2 protein chains.
Amino acid sequence: MPEDLPHPALADIRIDRVLHALADPVRLTMVRQLATLPEGVACGAIDLPISKSTRTHHLRTLREAGVVTVRPSGTSRITTLRRADLNTLYPGLLDGILNAPH
Amino acid sequence: MPEDLPHPALADIRIDRVLHALADPVRLTMVRQLATLPEGVACGAIDLPISKSTRTHHLRTLREAGVVTVRPSGTSRITTLRRADLNTLYPGLLDGILNAPH
DNA sequence: TTCGTAGTTCGACATAGGTCGTACTACGAT
DNA sequence: ATCGTAGTACGACCTATGTCGAACTACGAA
């Protein structure tokens, strides 16, 4: 869609925010799905029983925390996990979470 | 103090709860301090500008999530990080958080 | 250009939860 | 037995935030 949305730079990512972003069950589910889709997905393609506006809300939280990247693509926005960045900042954290029993 | 407080068993610890417990700045600070004190500390000895009842509240949240153990000792209660348990369930997670810049 | 689709934004609502003070309980020391 | 200390329990308060629907915007297709 229109302009690119703001993302925090690596150095501006704060653990408080990341943990807060991951602490919500809906967002955690989103992150798990994203982890299986290295190419990213459109918001609407994420499988969750929530409204469009709630999706936007959660994706914004993830993006502003530095957990995901969102890039425009046609009429969609493709969301991707910032795997490499998170692994750089907090080695072990992401895998620790993704490997957790759910 | 009186009876032992309830702690979740290893198998009952849920990542949702753990992340939620760690997502609060006050609790994250507590956890960081606990990480430097393998023998544990009394609640009151934790260095934070919050009231007694707020301490109790946060320690309860951490305990119920499975992040810490609380055991009576005289008139105090000694709180300890459940390092081993967390490392077993979510290898890498705790270290990823503790090593994060703060 | 007209329409449909994908997402965002806004405002409203409800609930969760962080904070505190006060009252209470349990234990140890005197 | 009495007192002080450590911590819990309760209730009140207030903010944060998850949720939605409706209106709006941007892009592509026909």
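Residue numbers begin at 1 in each chain, while the letters A, B, ... track the order of the sequences. Treat the numbers as computed from the prediction; the structure is a model and nothing was measured.
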Expressed as a whole number of angstroms, how long is the span from B:Leu5:CG to D:dA9:P?
7 Å
So which atom in B:Pro6 and which in B:Arg63 form the shortest heavy-atom distance, rounded to 0.1 Å?
O-NH1, 2.6 Å
Spacing between A:Leu62 atom CG and D:dT17 atom C1', to the nearest angstrom
14 Å
Indicate whether any N or O donor in one side chain lies under 3.5 Å from an N or O acceptor in the other, for A:Ser53 and A:Thr56.
no
When the distance from CD1 of B:Ile78 to P of D:dT8 is rounded to whole Å, what number comes out?
11 Å
Protein-nucleotide distance (A:Asp16, atom CG; D:dA16, atom C1'), rounded to Å
15 Å
Side chain of B:Thr75: nearest nucleotide among D:dA6, D:dG18, C:dT19?
D:dA6
Rounding to a whole Å, what distance do you find between A:His57:NE2 and D:dA22:P?
20 Å
Shortest side-chain distance from B:Thr56, nucleotide among C:dG18, D:dT8, C:dA6
D:dT8
Please report, rounded to the nearest Å, how far the C1' atom of C:dT5 is from the CZ atom of A:Arg77.
14 Å
Rounded to the Å, how far apart are A:His20 NE2 and C:dG17 C1'?
11 Å
Heavy-atom count around A:Arg55 CZ within 6.0 Å, excluding the residue itself: above 12?
yes
As a test of reading the structure: which of D:dT19, C:dC10, C:dT19 is closest to the side chain of A:Val26, going by heavy atoms?
D:dT19
Measure from the side chain of B:Ser76, starting at C-beta and using heavy atoms only, and say which of D:dA22, C:dG7, D:dG7 lies closest.
D:dG7
Side chain of B:Arg60 (C-beta onward), nearest among D:dG7, D:dA9, C:dG7:
D:dA9
Between A:Asp24 and B:Ala45, the residue closer to the 5' end of DNA chain D by nearest nucleotide is B:Ala45
Could you check whether any side-chain N or O of A:Thr29 sits under 3.5 Å from a backbone N or O of A:Pro25, counting only pairs where one atom can act as donor and the other as acceptor?
yes
NE2 of A:His58 versus P of C:dT8: gap in Å, rounded?
13 Å
Do the side-chain N or O atoms of B:Thr54 get closer than 4.0 angstrom to the phosphate oxygens (OP1, OP2) of C:dT19?
no
Given DNA chain C, 5'-ward residue of the pair B:Thr61 and A:Arg55, judged by closest heavy atom
A:Arg55
Short side-chain to backbone donor-acceptor contact, A:Tyr90 and A:Ile15, under 3.5 Å:
yes
Among C:dT19, D:dG18, C:dA6, which is the nearest nucleotide to the side chain of A:Lys52?
C:dA6
Heavy atoms only, 4.0 Å cut-off, all strands: where does B:Ile50 land among base, sugar-phosphate and nothing?
sugar-phosphate
